[in-house]
Protein chains: 2
Amino acid sequence: MPDSAFAEIRNLDLFAQMTDENFAALMRGAYVQNFPAQIDLISEGDPSDFLHVVLSGSVDLFSTWNGRDTSLATVRPIATFILAATVKDAPYLMSARTLEKSRIALIPSQDVRAIFDVDGNFARAVVTELAQSYRTVVKSQKDLKLRTSLERLANYVLRQQKRSGEVSSFFLECEKRRLASVLGMTPENLSRAFKGLVPYGVQVEGTRVTILDQGELERFAKPNPLIDDTSV
Amino acid sequence: MPDSAFAEIRNLDLFAQMTDENFAALMRGAYVQNFPAQIDLISEGDPSDFLHVVLSGSVDLFSTWNGRDTSLATVRPIATFILAATVKDAPYLMSARTLEKSRIALIPSQDVRAIFDVDGNFARAVVTELAQSYRTVVKSQKDLKLRTSLERLANYVLRQQKRSGEVSSFFLECEKRRLASVLGMTPENLSRAFKGLVPYGVQVEGTRVTILDQGELERFAKPNPLIDDTSV
DNA sequence: CGCAGCCTTGACAAATGTCAACAAACGTGG
DNA sequence: CCACGTTTGTTGACATTTGTCAAGGCTGCG
């Protein structure tokens with residue numbers, strides 16, 4: 001593994017507090033690989049052989065059932081995914097594919113579990129990471145069950161605006177068909193939902209979103225920190 | 001705290017592997033309380049002062065937004081809840097209320113975090129618990145996003161049947177209005193959904209559910225271990 | 001009893017999905 | 001750099017799913 005990737009991973013919260021010795025042991029069997037876009041990385045149901053770390057690019061976590069499929073999350077650098085499956089030595093619950101050209105580190109799951117068993121600091125870091133992931137899914141669950149698709153979109157627009165630095169105009173960072181899936185609706189419904197936000201001062205041209213009336217949009221969306229804030 | 005409750009808690013996976021000394025420290029500030037039915041235990045947004053352990057009875061975890069509310073999970077003995085909020089020292093994402101008369105142990109969150117910092121075995125047990133919780137929510141998310149309400153109900157019926165020991169007739173263990181909320185629908189829709197399962201050999205009288213044609217129901221429900229199995 | 005809450009049912013409305021058509025954007029190979 | 005085909009996004013018409021409102025029956029409990 002190149003030193004640069006090594007350092008990037010070492011600086012992750014998940015690995016920052018462990019001993020040099022244990023980190024080295026973890027990296028011994030690890031390797032970094034470059035993937036083109038739209039490549040399947042893992043398939044739900046497979047045993048969790050590797051903990052994945054996205055170093056660059058982005059990864060879609062999705063699931064299928066009975067011919068349908070849905071996007072559950074996007075992983076962006078620098079972050080890990082399928083940590084829960086790794087520590088539980090259980091099959092993946094989600095599939096993963098690259099959304100774009102991506103560089104991904106693969107750490108053998110059995111090494112993760114072995115180090116986890118002997119390194120208390122690492123175990124504590126895993127807890128923090130898992131607690132964060134858990135709370136993220138719970139928030140997403142609330143979003144899905146308590147809001148209509150129009151409300152979910154309105155709040156998504158506000159969240160993206162915040163990510164872009166509170167500006168009044170910004171770009172969607174993913175395909176609309178995928179955004180629809182993330183928000184739990186069809187592409188057609190998303191297309192109409194964007195139209196449905198026009199009365200609240202939201203304008204969309206291609207991937208550019210412009211908020212003409214912040215107050216009106218917020219009055220409609222009613223964003224809530226316990227659903228929409230990533231830091232809570 | 002009475003010895004019996006003490007022993008019950010000690011035997012939980014979460015606390016079984018920690019040292020006697022640390023367990024004693026954890027229990028020093030803890031207490032057990034009896035609550036009647038329908039009592040609010042915690043409110044979403046509140047700081048996480050206590051880790052809760054349900055010793056008997058049952059607890060509903062729910063959330064509200066903009067005048068709507070939804071049940072997210074049921075906690076039954078013996079299990080803890082809001083562990084993620086406790087370890088992250090973050091506000092509760094869900095509210096909790098007793099569904100019936102319940103006995104609940106309250107362990108100060110700051111003690112949990114303190115012991116967590118010094119006891120590696122406890123930290124590892126927390127990981128297992130959180131990973132389990134995380135995977136449960138992910139499965140629920142897939143259930144919600146990939147299935148219609150009729151399909152969710154059909155699979156719920158099959159899961160309950162399994163819990164009851166694979167018998168052909170069993171009882172629902174919660175109010176139908178709450179079941180509707182858990183499954184993400186209205187009580188009226190649930191009422192009609194039960195009717196919609198009649199063609200697949202499901203009969204409902206009050207809280208008694210009878211499966212007349214196991215094969216037909218399974219062909220319709222298409223249960224999937226990665227969504228419906230609690231052990232995976 | 002009588003009230004309150006739950007469950008059910010009917011009639012209707014709103015939200016969302018499906019299918020088909022077409023336009024726009026994108027990528028690839030010539 | 002262009003032509004081509006593929007994919008994505010949009011729109012309309014329509015079907016299905018789900019929610020809402022109102023009413024009535026049932027049950028449990030004071």
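Numbered from 1 within each chain, the chains take letters A, B, ... in sequence-line order.
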Contact letters for nucleotides 23-29 of chain D, in which S counts primed atoms plus P, OP1 and OP2 and B counts the base, heavy atoms under 4.0 Å: -------
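Distance B:L190 CG to C:dC6 C1': 12 Å, rounded to the nearest Å. Taking atom CG on B:N189 and atom C1' on D:dT17, their separation rounds to 8 Å, with Å as the unit. In this structure, the CZ atom of A:R178 is 18 Å from the P atom of C:dC26, given to the nearest Å. Rounded to whole Å, the distance from CE on A:M185 to P on D:dT10 is 12 Å. In this structure, A:D69 atom CG and C:dG17 atom P are separated by 13 Å, rounded to whole Å. Atom C1' of nucleotide D:dT18 and atom CG of B:L183 are separated by 14 Å, given to the nearest angstrom. Look at CD on A:E151: it is 15 Å from P on C:dA14, rounded to the nearest Å. A:K176 places its NZ atom 7 Å from the P atom of D:dG9, with the value rounded to the nearest Å.
Between A:R135 and B:A90, the shortest heavy-atom contact is NH2-CB, 3.3 Å. The two residues A:P223 and A:N155 come nearest to each other via the heavy atoms CA-OD1, 3.1 Å. Nearest heavy-atom pair, A:S56 versus A:P77, reported as atom, atom and distance to 0.1 Å: CA-CG, 3.5 Å.
Between C:dT16 and A:T186, no contact under 4.0 Å exists linking OP1 or OP2 to a side-chain N or O. Distances shorter than 4.0 Å separate some side-chain N or O of B:S149 from OP1 or OP2 on D:dT18.
Relative to the ring axis of A:F194, A:K176 places its NZ or CZ within 45° and under 6.0 Å from the centre.
Nearest to the side-chain atoms of A:R192 among the listed nucleotides D:dG9, D:dG19, C:dT18 stands C:dT18. When distances run from any side-chain atom of B:T148 to the nucleotides D:dT18, C:dC19, D:dC21, the shortest one goes to D:dT18. For A:R177, the listed nucleotide lying nearest its side chain is D:dT8; candidates were C:dG17, C:dT8, D:dT8.
A salt bridge is defined here as a Lys NZ or Arg NE, NH1 or NH2 lying under 4.0 Å from an Asp or Glu carboxylate O, and A:R76 with A:E173 meets this definition.
Position along DNA chain C of the nearest nucleotide to A:E188 versus A:L150 favours A:L150 as the more 5'-ward residue.
Dense packing is recorded around CG of B:N11, with more than 12 heavy atoms of other residues, nucleotides or ligands lying under 6.0 Å away.
Ring pair A:F220/A:Y200 is parallel by interplanar angle, where below 30° counts as parallel and above 60° as perpendicular.
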